2 protein chains.
Amino acid sequence: MSRSTQKEINRENLLNQGVALLMQQGYHGTGLQEILDAVQIPKGSFYNYFGSKENFGAEVIKHYITPYIQQITSYLEQSNADALSALQRYFNESIAELERTDFKGGCLLGNLIGEIGDSSEICRVALQTTLNSYRDVLQLGLSLAQQQGTIRTDKSARDMADLLVNTWQGALLRMKVEQSTEPLKQCCQALLGDFFKA
Amino acid sequence: MSRSTQKEINRENLLNQGVALLMQQGYHGTGLQEILDAVQIPKGSFYNYFGSKENFGAEVIKHYITPYIQQITSYLEQSNADALSALQRYFNESIAELERTDFKGGCLLGNLIGEIGDSSEICRVALQTTLNSYRDVLQLGLSLAQQQGTIRTDKSARDMADLLVNTWQGALLRMKVEQSTEPLKQCCQALLGDFFKA
DNA sequence: CAAATTAAGACAACCAGTCGTATTATAATA
DNA sequence: TATTATAATACGACTGGTTGTCTTAATTTG
């Protein structure tokens, strides 16, 4: 196997493991050694791939969001003239997944904002752009739903998407503390099922 | 000075410093030594007052919320037949304070839920009861406003208080990442100024 | 003086990050 | 094509520092 592709595989494995561990144990709660042991990669290589733990953290953040955006995009494309249902389907699927994993983790973005949003500027910026791109895809869905007449048009899709992201983040925190997905369901019901309705 | 009162003063100082440091740097990001140095208390004493860092964390959590609940209660008592304005005044004051402190810290509860909600059961329970008592006082305000006719009555004060707490927490995270209080203002406007209105 | 409380420092475990060496891949040369 | 030269990467022992906790001695109290 060529060296460059192996390097890519190693990087990918580190990022995946980083997502899993940072989400559950936090940034300072997870040592580099723990990540390296899990994927059997020596410490020296880590510092070749990423320059520092902080840079790694920023890359983990960007790596994290990709599948979620793909999932929403895919749901929106599948939905024929019913973007609102696609969004509801996405959130319901997320809720089901969180129940399967016993409410662990929640959202890496929310967790890291609280922990290192003040202390790491690099990660703060990564969190900002990542959260914005998540907001953008929700905004797209809401704006489609506006065109389809299922979502009110006297509020901007942008504002509603922001509110939805923020309430969802808060509900995820509440879920962890209550060990229940009730806050998540309430979030979807109150916003998508009521406040945003046309 | 008697020993018992000195002990109380030391405990109080440690808790206050703990609130400040844990809020800004997180649980694992703050070492005991840093807290002890700040209040000039030897490490050995710490383990007399609190049994472990984890127990200390749980006590810091409970200690944190008291002034906020007092503030809301005080605003509600001052307000003559206008509980909704009292709540709005509380949130506006909180927003002004966060602007003064450059969006640092946010809410200790939200930050710690994300960081250690999964790993420390003691702290998770402390966070749960603390957040619930915060919700309770907001619920009281909303239910007063319902009686006064300024808040809709087709939704329970409890559900609205939960939604308000969760959205506020999410907005605090968003504030840290955006370095702006805009998300907080949007939260108050959308809920207290629109969705919850009678 | 005896008992209980407090404080100081020792402790092993762990942290992120470094550095010299070993290994490998690529390029140059014959 | 075979051999060598050069560069890039892989590696893990090691560093200085910090972590939370515990043992032990000093101090205070009744």
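Values in this document were obtained by computation on a predicted structure and should not be read as measured data. Below, each value reflects all heavy atoms present in this structure, side chains not excepted, and no hydrogens, waters or symmetry copies. Throughout, protein chains are lettered first and strands after them, A, B, ... in sequence-line order, and every chain is numbered starting at 1.
Between the CG atom of A:Asn48 and the P atom of C:dT24 there is a distance of 16 Å, rounded to whole Å. The nearest whole Å value for the distance from the CZ atom in A:Phe56 to the C1' atom in C:dG17 is 15 Å. Remark: P of D:dC11 and CD of A:Gln40 are 11 Å apart, rounded to the nearest angstrom. With rounding to whole Å, A:Glu54 atom CD is found 13 Å from C:dG17 atom C1'. Here the C1' atom of nucleotide C:dG17 and the CZ atom of A:Phe46 are 10 Å apart, to the nearest Å. Computed from coordinates, the B:Phe50 CZ to D:dC22 C1' distance equals 18 Å when rounded to whole Å. Note: NZ (A:Lys53) to P (C:dC15) measures 8 Å, nearest angstrom.
For A:Arg11, the side-chain hydrogen bond (donor to acceptor under 3.5 Å, both in side chains) test picks out A:Glu59, with sequence neighbours left out. In this structure, A:Arg158 has no side-chain hydrogen bond (donor to acceptor under 3.5 Å, both in side chains) partners at least two apart in sequence or on a different chain. Residues meeting the side-chain hydrogen bond (donor to acceptor under 3.5 Å, both in side chains) test with A:Ser133, sequence neighbours left out: none. Looking at residues two or more places apart in sequence or on another chain, you find no side-chain hydrogen bond (donor to acceptor under 3.5 Å, both in side chains) involving A:Tyr47.
Residues from residues 112-121 of chain B lying near DNA chain C, meaning a heavy-atom separation below 4.0 Å, are absent. Across residues 11-39 of chain A, A:Thr30, A:Gly31, A:Leu32 each have a non-hydrogen atom less than 4.0 Å from an atom of DNA chain C (numbered order).
Checked by distance alone, A:Lys43 brings no side-chain donor or acceptor within 3.5 Å of a matching partner on the base of D:dA13.
Contact annotation: the side chain of A:Leu138 never approaches that of A:Met160 to less than 4.5 Å [non-hydrogen atoms, C-beta and beyond].
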For residues 30-38 of chain A, please give each side-chain donor-acceptor pair under 3.5 Å, one per line with the distance, not counting sequence neighbours.
residue	atom	partner	partner atom	Å
A:Thr30	OG1	A:Leu21	O	3.4
A:Thr30	OG1	A:Gln25	OE1	3.4
A:Thr30	OG1	A:Gly26	O	2.8
A:Gln33	NE2	A:Asp37	OD1	3.1
A:Glu34	OE2	A:Gln25	NE2	3.3

Sequence neighbours excluded and cut-off under 3.5 Å, please list the side-chain donor-acceptor pairs for residues 183-198 of chain B, or say none.
residue	atom	partner	partner atom	Å
B:Gln186	NE2	A:Asp159	O	2.8
B:Asp194	OD2	A:Lys155	NZ	2.8

Can you list, pair by pair, the side-chain donor-acceptor contacts under 3.5 Å of residues 67-75 of chain B, counting residues two or more places apart and other chains?
residue	atom	partner	partner atom	Å
B:Thr73	OG1	B:Ile69	O	2.7
B:Ser74	OG	B:Gln78	NE2	3.0

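Nearest-nucleotide mapping onto DNA chain C: of A:Tyr47 and B:Ser45, the residue sitting toward the 5' end is B:Ser45.
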Note to self: Before you tell me yes or no, could you show the steps for A:Gln128 and B:Glu178 under side-chain hydrogen bond (donor to acceptor under 3.5 Å, both in side chains), namely the whole-Å CA-CA distance, both residues' side-chain angles and the distance that decides it to 0.1 Å?
What the structure shows: CA-CA 6 Å; A:Gln128 183 180 32; B:Glu178 297 290 341; 3.0 Å; yes

